[in-house]
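Since the model is a prediction, treat every value here as computed from it, not as a measurement.
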Amino acid sequence: MIDYISGKIAESTPTYVVIDCGGVGYGLCVSLTTYSAINGQDSAKLLVHEAIREDAYVLYGFATAVEREMFRMLISVSGVGANTARIILSAYPVLELQRAIASEDVKAISSVKGIGAKTAQRLIVELKEKVMKLGVDLGENISAVVDNKVREDALEALEVLGFNKQAAAKMVDKLLKDNPQMAVEVVVKNAIKLL
C-alpha cells in the first residue's frame, strides 16, 4: 500500500499532478484544495489514497491528512464515488464541508455537480456523527487571489471534472467579469457551485 509520495513536481494542473519519485513519475488525481497548497512549489509530499478497480489503478493525492480522511469518509457513502468526492472537495474546503454536514445544509451540499438532494441527505445522515466527533470549527471562509492564465486553466479543470465546455465557458467568463483578480482555484470552486 502506498501511504505517500514525495518528490519533484514534474507536472501540475488543477486536477492532476505528476510527482517524480526516484525517476518514476507518479500521476495523482487531486482536488483544487491540494492544487492550491502545492501550486508554485518545486517539490511536494502528497498523502495517497489508492483506488484499485477492475479496469483502472488510480492514485488520489492530498496535501493534508484531514483532506484524505474526509475523502475516505465521502467515498464510504453509497452513491458517492472517488471522482464525485474529489469534486466535493474541490467545491468546498474540508472545514466548510464539515460545517455544511454538521449543520445539515442539504442545499449547500446538493449544489455540487453530481450530488442531488437525496445523496446530500444520505451524506449528512451517514457522516454527521463522524464529523461532529472531529469537532467543527465555525471559522471564516478562505479565499485566494491573482494570476492571469486563469480562464484556460479553469476551463480545463472543469472539463476534466465532467462539466459541459460551453456552459463552463459562460460561467467562467461571468465570474471573471465580476472579479478579474480571482485565482484559478476560486474560479473553479465557484463555477462548480453554480453550474
Side-chain angles (χ1 to χ4, degrees), residues 1-6 12-19 21 26-38 44-137 142 156-163 185 188-195:
M1 182 172 102
I2 300 171
D3 189 58
Y4 70 87
I5 295 175
S6 180
S12 175
T13 71
T15 57
Y16 190 75
V17 173
V18 176
I19 295 185
C21 179
Y26 290 92
L28 298 107
C29 297
V30 296
S31 70
L32 286 170
T33 306
T34 293
Y35 174 74
S36 298
I38 65 168
K45 175 182 177 181
L46 294 181
L47 300 170
V48 175
H49 173 82
E50 298 173 283
I52 302 168
R53 300 188 316 246
E54 195 174 295
D55 62 339
Y57 178 71
V58 183
L59 300 177
Y60 292 88
F62 306 93
T64 66
V66 174
E67 187 184 11
R68 178 171 66 177
E69 185 57 33
M70 193 71 228
F71 177 85
R72 288 176 171 168
M73 282 187 201
L74 289 169
I75 62 173
S76 73
V77 176
S78 176
V80 179
N83 198 43
T84 302
R86 181 171 63 145
I87 292 171
I88 293 169
L89 289 170
S90 291
Y92 292 106
V94 174
L95 292 177
E96 268 187 58
L97 180 59
Q98 288 176 343
R99 269 186 247 126
I101 292 169
S103 64
E104 299 183 15
D105 191 348
V106 174
K107 186 178 177 186
I109 296 168
S110 63
S111 69
V112 177
K113 180 187 185 276
I115 300 291
K118 285 184 180 179
T119 304
Q121 289 168 341
R122 188 177 325 115
L123 210 145
I124 289 166
V125 167
E126 292 187 29
L127 298 183
K128 184 175 178 180
E129 191 175 308
K130 292 177 184 176
V131 166
M132 293 303 282
K133 284 181 185 175
L134 298 174
V136 179
D137 181 15
I142 301 163
E156 181 186 340
L158 289 167
E159 206 173 334
V160 169
L161 292 171
F163 289 92
E185 306 87 53
V188 175
K189 284 180 185 183
N190 289 331
I192 289 171
K193 292 176 187 176
L194 298 170
L195 281 171

Student: Do any pairs count as a ring-ring contact (aromatic ring centres under 6.0 Å, His included) and have a residue in residues 72-117, sequence neighbours left out, and if so which ones?
Tutor: none
Student: Is it the case that atom NZ in Lys118 sees more than 12 heavy atoms from other parts of the structure closer than 6.0 Å?
Tutor: no
Student: Can you find a pair of side-chain heavy atoms, one from Leu47 and one from Thr64, that are under 4.5 Å apart?
Tutor: no
Student: Which residues pass the side-chain contact (heavy atoms from CB on, under 4.5 Å) test with Thr33, sequence neighbours left out?
Tutor: Ser31, Glu67, Lys189
Student: Find the distance between OH (Tyr16) and CG (Leu28) and round it off to the nearest 0.5 Å.
Tutor: 7.5 Å
Student: Test of understanding: with salt bridge (charged side-chain N to carboxylate O under 4.0 Å, His left out), list the residues that count as partners of Glu126, not counting sequence neighbours.
Tutor: none
Student: Taking only residues two or more places apart in sequence or in another chain, which ones pass ring pair (Phe, Tyr, Trp, His ring centres under 6.0 Å) with Tyr60?
Tutor: Phe71
Student: Is there a salt bridge (Lys or Arg N to Asp or Glu O under 4.0 Å) between Asp105 and Lys107? Walk through the geometry before answering.
Tutor: CA-CA 5 Å; Asp105 191 348; Lys107 186 178 177 186; over 6 Å; no
Student: Could you pull out the closest heavy-atom pair between Leu32 and Glu185, with the gap in Å?
Tutor: CD1-O, 3.7 Å
Student: Could you tell me whether the side chain of Glu156 reaches within less than 4.5 Å of the side chain of Thr15, counting heavy atoms only?
Tutor: no
Student: What distance separates Ile101 CD1 from Lys130 NZ, expressed to the nearest 0.5 Å?
Tutor: 10.5 Å
Student: So Ile88 and Leu123, do their side chains get closer than 4.5 Å, heavy atoms only?
Tutor: yes
Student: Checking the side chain of Ser110 only, and the main-chain atoms of Val106 only, is there a donor and an acceptor separated by less than 3.5 Å?
Tutor: yes
Student: With a 4.5 Å limit on heavy-atom distance, are the side chains of Arg122 and Val80 in contact?
Tutor: no
Student: Which pair of heavy atoms, one from Thr34 and one from Gly61, lies closest together, and at what distance?
Tutor: OG1-O, 3.7 Å
Student: For the residue pair Glu50 and Leu59, establish whether any side-chain heavy-atom pair is separated by less than 4.5 Å.
Tutor: yes
Student: Taking all non-hydrogen atoms of both residues, which atom of Arg86 and which atom of Cys29 are closest, and how far apart?
Tutor: NH1-CB, 3.5 Å
Student: For Ile19 versus Val17, what's the shortest heavy-atom pair and its separation?
Tutor: CG1-CG1, 3.9 Å
Student: So do Asp3 and Arg68 actually touch side chain to side chain, heavy atoms under 4.5 Å?
Tutor: yes
Student: For the residue pair Ala100 and Ala108, what are the closest heavy atoms and their distance?
Tutor: CB-CB, 4.5 Å
Student: Nearest 0.5 Å, what's the CG-CZ distance between Leu89 and Phe62?
Tutor: 7.0 Å
Student: If you define the side chain from C-beta out and look only at heavy atoms, does anything of Leu161 sit under 4.5 Å from Pro14?
Tutor: no
Student: Walk me through whether Val30 and Ser12 qualify under side-chain contact (heavy atoms from CB on, under 4.5 Å).
Tutor: CA-CA 10 Å; Val30 296; Ser12 175; over 6 Å; no
Student: Which heavy atom of Ile38 sits nearest to which heavy atom of Ala44, and what is that distance?
Tutor: CG2-CB, 3.9 Å
Student: Mind checking side-chain contact (heavy atoms from CB on, under 4.5 Å) for Leu194 and listing every partner two or more places apart, or none if nothing turns up?
Tutor: Met171, Leu175
Student: Restricting to salt bridge (charged side-chain N to carboxylate O under 4.0 Å, His left out), what partner residues turn up for Lys45, sequence neighbours left out?
Tutor: none
Student: Let me confirm one number: the CG-CG distance from Leu195 to Asn190, rounded to the nearest 0.5 Å.
Tutor: 10.5 Å
Student: Should Leu97 and Leu74 count as side-chain neighbours, where that means a heavy-atom distance under 4.5 Å?
Tutor: yes
Student: What distance do Arg72 atom CZ and His49 atom NE2 have between them, rounded to the nearest 0.5 Å?
Tutor: 6.0 Å
Student: Drop me the distance from Ile109's CD1 to Ser103's OG, to the nearest 0.5 angstrom.
Tutor: 7.5 Å
